[in-house]
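All remarks here apply to the structure that follows.
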Amino acid sequence: MSAPWEVRNYIDGEWRRPSGEAGGEVLNPATGEVLARAPAGAAADVAAAVEAAARAFPQWRAAPPGERIQHLFRLKQLLEEHFEEIARLITLENGKTLAESRGELRRAVENVEVACGIPTLMQGYNLEEAARGIDEILIRQPLGVAAAITPFNFPAMIPFWFLPYAVACGNTFVLKPSERVPLSIARCFELLEQTGLPRGVVSLVHGGKPAVDALLDHPAVAAISFVGSSPVARYVYARAAANGKRVQCQGGAKNHAVILPDADRESTTQIISDSAFGCAGQRCLAVSVAVTIGEARGWFRDAIAGVAGSLKVGCGLDDGVQMGPVITPAGKARIEGLIGQGIGEGAAPVLDGRGVKIEGYPRGAFVGPTVLDGVPSSSSLTETEIFGPVLSLICAAHLDEAMALIARNSYGNAASIFTTDGAAARKFRHQVPTGNVGVNIGVAAPLAYFPFSGWKGSFFGVLHAQGRDAVEFYTDKKVVIERWPREWSRRF
Ligand code: NAD
């Protein structure tokens, strides 16, 4: 395979050329090479996918769950067989290192594995003799057509927070991936096609806002899942809900790590560096603010500068590279502008990654690891999701002050504490107002068996992605109350 790729939709069991206008270029972030041109997204294509999904639904929901998951077992096998190929595609279009792409894909596969447990997971419950002669039964049924809209930073993993659970529960499914990374998920859909799923059960429609709006407004779409930035999450939540759909929207983040003076210095520094600079900081669970308590300030500042400063930045496919580029030149310019703003407002650049040059990659969107010390609390950066390899350092007098600071932030995706004091860790776990919490963990990413649990401005909805929440989200509960009087029985 080589560039330029043709970006096609997968609708009703067929690969089709998108209709409507061309959209933006899909770039290799390391080289600037144009990999493909994504479509702008057309309402007609969305309608075709949704209508195919609606036609496929009655037969698909009638298939026993144990039969439905056989397709997922095949998918798991195919993803394993094509693991390296897909990981390379992720790196090619997203820029992250090959090791990070492999990690991402492993998480995608885990979700397929968990959804294979649907015959157990979607069971209901019942009570015999709920009242005299009356039994009560709760059954779970699929909703119909479910759709997901996903971001650029995990091109192959995030769609799998939704797709396996939706189809295993008996729904049909339409995916609208990020227009910036359409390639690796298209390859996954080619593998899905090989699993023998009936036509229309899964569809892939590329595009940007026009495709999203068409999904939000289509009357046959019963449920919408969204992952992306908070302003768009809020918009999607409001519009889908106004149209009467079930909706879950995961948004952006500003994650804090609190470092107590007793933290293990070496592991804390390494873990926070991995969190802040892994995937070039483009992770919704990346630590972006390190809050040191008391004397942790001095040792942490020097240690993180040393570790971050030694990271090898370059093309994610090259050996030994520890940090790849950011997604686009526009993203690089935005991040560098925010670094400049922080410095202008009084932060000291312990490490300044602006203007970094990588030999052999003159057109790459590289930003070096950046550490800003003392971003003032008045700065708008304290509320801005930079989404790049930038770590801010601030200090607090004690744990309560650090937690109050986290509570004031409008986001609530994740927070971490680094300490060897169990009671302090327990207090943090109990009080900190974020949906994911790390204790001596830098990327508090829930495994597929647990919900991906953002709070506050990082999540709009009730039920999260993954785990039991996914089963709840993709099923409706039906309660049946039955009376079968003995005297009606003629034969027994
Ligand atoms: P984004 O919000 O720009 O795009 C996400 C999706 O929304 C894409 O499919 C895009 O086509 C669509 N979209 C963009 N603008 C739109 C608009 N105006 N109207 C309708 N649809 C629109 O996000 P991104 O830049 O692709 O991804 C990065 C963001 O995602 C960050 O904020 C990050 O924190 C967040 N994220 C959150 C989680 C989480 O679990 N909370 C996980 C990964 C990423």
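Whatever order the structure lists ligands and atoms in, that order sets their numbers, starting from 1. Keep in mind that the numbers below use all heavy atoms, side chains included, and drop hydrogens, waters and symmetry copies. It should be emphasised that the depicted structure is a prediction, and the values quoted were computed from it without experimental measurement.
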Heavy atoms only, cut-off 4.0 Å: how does [X] contact ligand 1, side chain, backbone, both, or neither?
| X | answer |
| --- | --- |
| Val227 | both |
| Glu179 | side chain |
| Phe459 | neither |
| Arg180 | side chain |
| Phe452 | side chain |

Do the charged groups of [X] and [Y] touch, with an N to O distance under 4.0 Å?
| X | Y | value |
| --- | --- | --- |
| Glu84 | Arg102 | yes |
| Asp476 | Arg246 | yes |
| Arg106 | Glu110 | no |
| Glu104 | Arg107 | no |
| Arg408 | Glu383 | no |
| Glu14 | Arg199 | yes |
| Asp45 | Arg16 | no |

For [atom], what is the nearest protein heavy atom, given as residue, atom name and distance?
| atom | result |
| --- | --- |
| atom 38 (C) of ligand 1 | Cys284 SG, 3.1 Å |
| atom 13 (N) of ligand 1 | Val232 CG1, 3.9 Å |
| atom 28 (C) of ligand 1 | Phe387 CE2, 3.5 Å |
| atom 35 (C) of ligand 1 | Gly228 O, 3.1 Å |
| atom 40 (O) of ligand 1 | Gln250 NE2, 2.6 Å |
| atom 8 (C) of ligand 1 | Thr150 O, 3.3 Å |
| atom 7 (O) of ligand 1 | Phe226 CE1, 3.3 Å |

Ligand 1 and [X], any nitrogen or oxygen pair closer than 3.5 angstrom?
| X | value |
| --- | --- |
| Lys176 | yes |
| Phe152 | yes |
| Asn153 | no |

Open item on the list: Test side chain to side chain donor-acceptor pair (under 3.5 Å) on Glu93 and Ser184; report intermediate values, then the result.
Closed with: CA-CA 8 Å; Glu93 65 180 351; Ser184 42; 2.4 Å; yes

Run the numbers for me: atoms of ligand 1, each under 4.0 Å from some heavy atom of [X], listed by number.
| X | answer |
| --- | --- |
| Val212 | 20 (C), 21 (N) |
| Ile158 | 42 (C), 43 (C) |
| Ile149 | 6 (C), 7 (O), 9 (O) |
| Trp161 | 40 (O) |

Task: Side-chain donor-acceptor contact under 3.5 Å, Tyr474 with Ser225 - done: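 A pair is found: one side chain offers a donor N or O, the other an acceptor, under 3.5 Å apart.
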
- [ ] With Lys245 as the cation and Tyr237 as the aromatic partner, state whether NZ or CZ is under 6.0 Å from the six-membered ring centre and within 45° of the axis.
- [x]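 Not flagged: Lys245 not positioned over aromatic ring of Tyr237.
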
Let me have the donor-acceptor pairs involving side chains of residues 457-467, under 3.5 Å, with sequence neighbours excluded, atom names and distances please.
{"from": "Ser458", "atom 1": "OG", "to": "Gly252", "atom 2": "O", "distance (Å)": "2.7"}
{"from": "Ser458", "atom 1": "OG", "to": "Gly412", "atom 2": "N", "distance (Å)": "3.1"}
{"from": "Ser458", "atom 1": "OG", "to": "Asn413", "atom 2": "N", "distance (Å)": "3.2"}
{"from": "His464", "atom 1": "ND1", "to": "Asp469", "atom 2": "OD2", "distance (Å)": "3.4"}
{"from": "His464", "atom 1": "NE2", "to": "Gly454", "atom 2": "O", "distance (Å)": "3.0"}
{"from": "Gln466", "atom 1": "OE1", "to": "Asn111", "atom 2": "ND2", "distance (Å)": "3.2"}
{"from": "Gln466", "atom 1": "OE1", "to": "Trp161", "atom 2": "NE1", "distance (Å)": "3.4"}
{"from": "Gln466", "atom 1": "NE2", "to": "Pro446", "atom 2": "O", "distance (Å)": "3.2"}
{"from": "Gln466", "atom 1": "NE2", "to": "Leu447", "atom 2": "O", "distance (Å)": "3.0"}
{"from": "Gln466", "atom 1": "NE2", "to": "Phe450", "atom 2": "O", "distance (Å)": "3.0"}

Open item on the list: Looking at ligand 1, is there an atom of it that comes within less than 4.0 Å of some heavy atom belonging to Ser178?
Closed with: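 The answer is yes, since Ser178 has a heavy atom less than 4.0 Å from ligand 1.
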
Should one rank [options] by closest heavy-atom distance to [atom], which comes out on top?
| atom | options | answer |
| --- | --- | --- |
| atom 23 (O) of ligand 1 | Ala253, Ser229, Pro182 | Ser229 |
| atom 31 (C) of ligand 1 | Glu385, Lys209, Gln466 | Glu385 |
| atom 37 (C) of ligand 1 | Gly251, Pro151, Ala38, Pro231 | Gly251 |

Task: Those residues that, when tested against Arg140, pass salt bridge (Lys or Arg N to Asp or Glu O under 4.0 Å) (two or more places apart) - done: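 Here the qualifying residues are Glu472.
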
Task: Crowding at CZ, Arg334 (>12 non-hydrogen neighbours, <6.0 Å) - done: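 Yes - once you tally the heavy atoms of other residues, nucleotides and ligands closer than 6.0 Å, there are more than 12.
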
Open item on the list: Tell me whether the count of non-hydrogen atoms from other residues, nucleotides or ligands lying under 6.0 Å of CD in Glu21 goes above 12.
Closed with: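 No, not enclosed.
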
Task: Any protein heavy atom nearer than 4.0 Å to atom 19 (N) of ligand 1 - done: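 Looking at atom 19 (N) of ligand 1, one finds that a protein heavy atom does lie closer than 4.0 Å.
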
